[in-house]
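Contents: one structure, followed by commentary.
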Amino acid sequence: TACNIGGTPSVKIASYNIRAGLDSSIERISEAIVELGPDIILVQEIDEYNNRNNYSQTDTLSRLANFKYSYFCNARTYQGGHYGHAILSKYPLKGPITIKLPKRFETEDRVMCLTRVELSNESSILIAFAHFGFADNKEQITYAIHTLQSWIKQEQVIFLGDFNTTPEESSYKELTQYYQEMLPPEKRYNTYPTITPSKRIDYILTSTGYSIYGIKPKNIFEKDIINWDHLSDHYPLMVEIPYTSLNVPIGGLPDRSGID
């Protein structure tokens, strides 16, 4: 069921690096996600049946936090199992794919994932999500941008995750040539580390040239119900987007070309 902003159907999209539940537990993280209330959440640092967490964190989060649809984005083999990130959704996912990112200096494999989310019979949105590395950060972000630009053409995409780059770095400057932040400047906050937040490295972006009118950022600090500091080393981000602001180019009609 769609949420509403002033009577208009809307969708809540969040991003959260949970550090594989190592700072708390998958149960406590699930409870916090339920309280946060997203319709779609992109979760970074997920374990799947490895020695550190010998179960599917994707399936467990989906079950405990009441998400009907999910897709695990496998980044690499890890401790006898797998490790990566995942999308959890209350809406159907169509054609999710995993895209390997270039690696030159790092040992850890990194990936970006792309999927269409079917919000209704008339409305859908493309979502790309990633967890970029450190040493290969600029190369990976450049590759991700070029991949999305060449595949999606003119359609709007929501691009989010743990990008491991701050607004002062050249990678961010390249990103913002093609994508705009969905949180307005006065609503942005440092996301890492939660104990002494000194860096803003997690983002929810969307294609430049598209309307962000009516989008409501979530103030995750407005209640004391969730103590985010003790759940992970990252704070989550969430925005609520009215359907009327999806795929609406500034000064033009929607162009729905792109991937199916």
Side-chain angles (χ1 to χ4, degrees), residues 1-6 8-49 52-73 83-93 96 113 115 117-120 123 125 127 129 131 158 160-162 182-183 187 189 191-195 197 202-204 215-243 246:
T1 305
C3 305
N4 282 276
I5 297 179
T8 301
S10 63
V11 58
K12 295 178 180 176
I13 302 177
S15 178
Y16 191 23
N17 183 325
I18 67 165
R19 210 171 87 87
L22 299 177
D23 293 322
S24 52
S25 70
I26 211 72
E27 290 79 14
R28 287 182 61 201
I29 288 168
S30 298
E31 289 169 5
I33 289 173
V34 169
E35 186 65 37
L36 185 65
D39 302 302
I40 301 162
I41 186 166
L42 295 307
V43 185
Q44 299 90 47
E45 299 197 21
I46 288 265
D47 282 345
E48 291 287 305
Y49 296 108
R52 183 168 65 183
N53 284 298
N54 190 21
Y55 63 97
S56 167
Q57 291 194 325
T58 304
D59 291 348
T60 303
L61 278 172
S62 296
R63 176 172 51 82
L64 295 178
N66 303 311
F67 290 96
K68 188 174 180 182
Y69 306 96
S70 65
Y71 175 71
F72 174 64
C73 194
Y83 170 83
H85 39 216
I87 180 169
L88 315 178
S89 176
K90 296 187 176 177
Y91 300 99
L93 307 177
C113 288
T115 187
V117 181
E118 301 284 356
L119 301 175
S120 68
S123 189
I125 190 69
I127 294 183
F129 52 106
H131 183 194
I158 310 292
L160 68 169
D162 175 357
M182 298 191 89
L183 275 72
K187 300 290 187 182
Y189 51 90
T191 55
Y192 175 86
T194 48
I195 190 165
D202 302 85
Y203 301 95
I204 303 179
I215 290 168
K216 287 178 59 178
K218 171 72 172 178
N219 178 5
I220 68 162
F221 306 106
E222 67 183 348
K223 298 180 188 173
D224 294 326
I225 296 172
I226 307 169
N227 189 344
W228 296 108
D229 299 11
H230 297 287
L231 292 177
S232 175
D233 57 348
H234 285 249
Y235 287 122
L237 297 168
M238 188 169 80
V239 294
E240 185 172 1
I241 310 168
Y243 284 13
L246 293 172

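It should be emphasised that the depicted structure is a prediction, and the values quoted were computed from it without experimental measurement. Below, all heavy atoms of this structure are taken into account, side chains as well, without hydrogens, waters or symmetry copies.
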Query - Approximate separation, where rounding is to 0.5 Å, of D39 CG and M238 CE - result: 8.0 Å

**Report entry** Steps toward side-chain hydrogen bond (donor to acceptor under 3.5 Å, both in side chains) verdict (Y235, D229)
**Finding:** CA-CA 8 Å; Y235 287 122; D229 299 11; 2.8 Å; yes

**Report entry** Criterion side chain to side chain contact (heavy atoms under 4.5 Å, CB included) on L246 and S123, from CA distance to verdict
**Finding:** CA-CA 8 Å; L246 293 172; S123 189; 3.9 Å; yes

Report task. Taking the side chain as every heavy atom from C-beta outward, state whether K68 and K90 have any pair of such atoms under 4.5 Å apart. Result -> no

Query raised in the report: Quick one: does L237's side chain get under 4.5 Å of Y189's, heavy atoms only?
Result: yes

**Report entry** Between CD on residue E27 and CG on residue L61, distance to nearest 0.5 Å
**Finding:** 9.0 Å

**Report entry** Validation row: L160, M182 side chains within 4.5 angstrom (heavy atoms)
**Finding:** no

Requested in this report: Take the angle between the ring planes of W228 and Y16 and call it parallel below 30°, perpendicular above 60°, tilted in between.
Outcome: perpendicular

Requested in this report: Apply side chain to side chain contact (heavy atoms under 4.5 Å, CB included) to K187 and list each qualifying residue two or more places apart in sequence or on a separate chain.
Outcome: P184, P217

Report task. Using a 4.5 Å cut-off on heavy atoms from C-beta on, say whether the side chain of L36 contacts that of P236. Result -> yes

Report task. Quick one: pull up CD1 in I33 and OG in S62 and give me the separation to the nearest 0.5 Å. Result -> 9.5 Å

Query - Residues which pass side chain to side chain contact (heavy atoms under 4.5 Å, CB included) with S24, listed by chain and number, not counting sequence neighbours - result: R28, I29, L231

Side-chain donor-acceptor distances from residues 41-49 under 3.5 Å, at least two apart:
unit_1	atom_1	unit_2	atom_2	d
Q44	OE1	N17	N	3.3
Q44	NE2	S15	OG	3.2
Q44	NE2	L42	O	3.3
E45	OE2	N17	ND2	3.1
D47	OD1	N50	ND2	3.1
D47	OD1	R52	NH2	2.9
D47	OD2	R52	NE	2.8
D47	OD2	R52	NH2	3.4
D47	OD2	N53	ND2	2.7
E48	OE1	S56	OG	2.9
E48	OE2	S56	OG	3.1
E48	OE2	Q57	N	3.2
E48	OE2	T58	N	2.9
E48	OE2	T58	OG1	2.8

**Report entry** Rounded distance [0.5 Å steps], CZ in F72 versus CG in D59
**Finding:** 10.5 Å

Report summary line: Scanning both residues in full, the closest heavy-atom pair of L93 with S70 reads CD1-C, 3.8 Å

Report summary line: Distance col, row E31:CD vs I26:CD1, nearest 0.5 angstrom, shows 11.5 Å

Query - From CA spacing to verdict: side chain to side chain contact (heavy atoms under 4.5 Å, CB included), I220, I226 - result: CA-CA 9 Å; I220 68 162; I226 307 169; over 6 Å; no

Report task. Could you check if a side-chain atom of V117 sits within less than 4.5 angstrom of a side-chain atom of I40, using non-hydrogen atoms only? Result -> yes

Query - Audit row: I87, T115, side chain to side chain contact (heavy atoms under 4.5 Å, CB included) steps and yes/no - result: CA-CA 9 Å; I87 180 169; T115 187; 3.8 Å; yes

Query raised in the report: Roughly how far, to the nearest 0.5 Å, is the CD1 atom of I204 from the CD1 atom of I241?
Result: 7.5 Å

Query raised in the report: Are side-chain heavy atoms of H234 and Y192 found at a separation under 4.5 Å?
Result: yes

